[in-house]
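A short write-up of the structure that comes next.
Each residue takes its place number in the sequence, starting with 1. Order of listing sets the numbers, starting from 1, for every ligand and every atom in it. Every heavy atom of this structure was used, including side-chain atoms; hydrogens, water molecules and symmetry mates were not.
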Amino acid sequence: MTPSHAELRQFPVLDDCLQLGGITLTRLAERVGRTPFYAYERQHIQSRIALLRELLPPGLHLHYAIKANPMPALVQMMAPMVDGFDVASGGELKTALDTGMPPARISFAGPGKSNAELRSAVAAGVVLHLESEDEMERAARVGELLGIAPRVAVRVNPEFELKYAGMKMAGGARQFGVDAERVPAMLRKLGRLELDFFGFHLFCGAQNLSAKAIGEAQRLCVELGLRLAHHAPAPLRLLNIGGGFGVPYFPGERALDLRAVADGLRATMQTLCAAAPETQLVLELGRYLVAEGGIYVCRVLERKLSHGQVFVITDGGLHHHLAASGNFGQVIRKNYPVAIGNRMQAGPREVATVVGPLCTPLDLLADSMELARAEPGDYVVVFQSGAYGLTASPTAFLGHPPPLEVLV
Ligand SMILES: *Cc1c(COP(=O)(O)O)cnc(C)c1O
């Protein structure tokens with residue numbers, strides 16, 4: 001049996017049933033009409049953003065990185081609450097623009113932007129985060145063609161990497177950004193092209209639970225940005241220092257100390273303000289805004305006993321929630337927090353393994369976990385599922401219908 005997760009308190013329980021957005025899970029399932037589904041709670045996301053606003057230094061811009069959860073209704077809800085959106089594809093660009101977010105507050109990062117994506121981004125007037133010199137030249141050609149000076153920032157691959165990040169995205173050889181040492185030469189070329197230079201973007205890594213490591217990386221990012229600004233063809237208007245704030249998924253993980261992060265950011269912002277008072281500091285967060293406000297819900301189809309082990313077989317699984325199955329970049333599989341959503345407190349408990357309907361042993365939602373004893377018809381809930389859920393899963397695998405999504 002694996003150790004248990006820290007008590008999950010983000011949603012209340014009424015009559016032994018989990019409640020989201022003031023609706024009990026059983027009633028919500030009726031409203032949705034079928035399982036499996038993802039449910040995201042407005043209140044939780046709003047509170048998370050309000051907490052960030054309260055603690056982070058005033059004047060800091062908070063962006064939402066759409067790839068964490070691109071559900072259009074959710075992104076629309078976010079539009080008035082954040083200062084901008086970060087997108088990483090033409091599809092996300094459309095979702096962002098549809099909300100009415102001003103284009104200058106939308107940034108488009110990601111390697112391998114197609115010419116069609118560049119064209120549509122330049123026509124829209126969003127800020128392109130250039131990932132290579134080649135992309136810079138292609139953007140300039142698109143601008144010439146359309147008679148528009150593209151808004152650009154240079155994504156820099158710094159020498160340092162983010163310690164303790166679940167997913168490192170900078171330092172050493174990377175497909176992201178331009179190596180810091182090559183940036184001065186690129187900026188000289190940029191100055192000769194019809195490009196509207198905004199600033200720099202640095203994104204060191206994701207899923208970090210260490211305030212100290214995040215603070216250190218942010219300080220280094222600002223120092224590097226200021227050094228590189230000496231080579232820029234125009235004053236630095238924008239410095240996007242990434243985010244990477246993590247959320248606890250597994251037993252033993254502790255929530256990020258947001259107060260400590262905020263203290264570090266205040267000092268870093270002072271450094272920036274002293275050297276470049278006109279520069280807008282941007283923080284881009286994905287999962288930290290949405291992961292904990294979402295759950296994945298599937299239904300128990302059968303109980304099965306094999307060699308003394310209880311298997312709870314559900315209608316959901318890996319094809320809908322790759323991360324919870326342990327196959328989205330994890331080295332060692334660990335259980336996400338899981339509960340039987342209509343048996344939250346009362347009733348007998350047992351150690352069970354929750355699986356989906358796919359013909360592969362990888363289709364695991366919980367491995368030998370202590371849970372309420374579940375019967376067919378009960379609801380299995382996977383917590384911490386508001387980010388990198390549906391759109392990060394191979395929904396076509398084995399040909400089952402995709403899950404639904406609701407925002408409550
Ligand atoms: C994925 C990504 C993010 C969001 O990361 P989270 O871990 O969800 O906060 C932010 N910026 C860039 C450039 C990304 O690629």
Nearest non-hydrogen protein atom, [atom]:
atom: atom 10 (C) of ligand 1; value: Phe203 CE1, 3.3 Å
atom: atom 9 (O) of ligand 1; value: Gly286 N, 2.9 Å
atom: atom 6 (P) of ligand 1; value: Tyr388 OH, 3.4 Å
atom: atom 2 (C) of ligand 1; value: Lys67 NZ, 2.4 Å
atom: atom 7 (O) of ligand 1; value: Arg287 NE, 3.0 Å

*asked:* Strictly below 4.0 Å, N to O, side chains only: are Arg373 and Asp378 in salt-bridge contact?
replied: no
- Considering only NZ, NE, NH1 and NH2 on the basic side and carboxylate oxygens on the acidic side, decide whether Arg219 and Glu223 come within less than 4.0 Å.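 Looking at Glu223 together with Arg219, the answer is yes, because their closest N to O distance falls below 4.0 Å.
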Arg237 charged N/C atom sitting above Phe198 aromatic ring, 6.0 Å / 45°: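 So Arg237 does make the cation-pi contact.
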Looking at Phe108, does the NZ or CZ of Lys113 lie under 6.0 angstrom from its six-membered ring centre and within 45 degrees of the ring axis?
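Verdict for Phe108: a cation-pi partner in Lys113.
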Can you label the angle between the Tyr38 ring and the His321 ring as parallel, tilted or perpendicular, going by 30° and 60°?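 Rings of Tyr38 and His321: tilted, 30 to 60°.
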| task | Look at the aromatic rings of Tyr249 and Tyr336 and report parallel, tilted or perpendicular, splitting at 30° and 60°. | result |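 Taking Tyr336 first and then Tyr249, their aromatic rings sit tilted (interplane angle of 30° to 60°).
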Any idea which atoms of ligand 1 are less than 4.0 Å away from a heavy-atom of [X]?
X: Ala65; answer: 3 (C), 4 (C), 10 (C)
X: Glu284; answer: 10 (C), 11 (N), 12 (C), 13 (C)
X: Ala206; answer: 7 (O)
X: His201; answer: 13 (C)

Note: Met167, heavy atoms under 4.0 Å from ligand 1, region reported as neither
Any non-hydrogen side-chain atom of Val290 less than 4.5 Å from a side-chain atom of Met78?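 A side-chain contact exists here, since the closest heavy-atom pair is under 4.5 Å.
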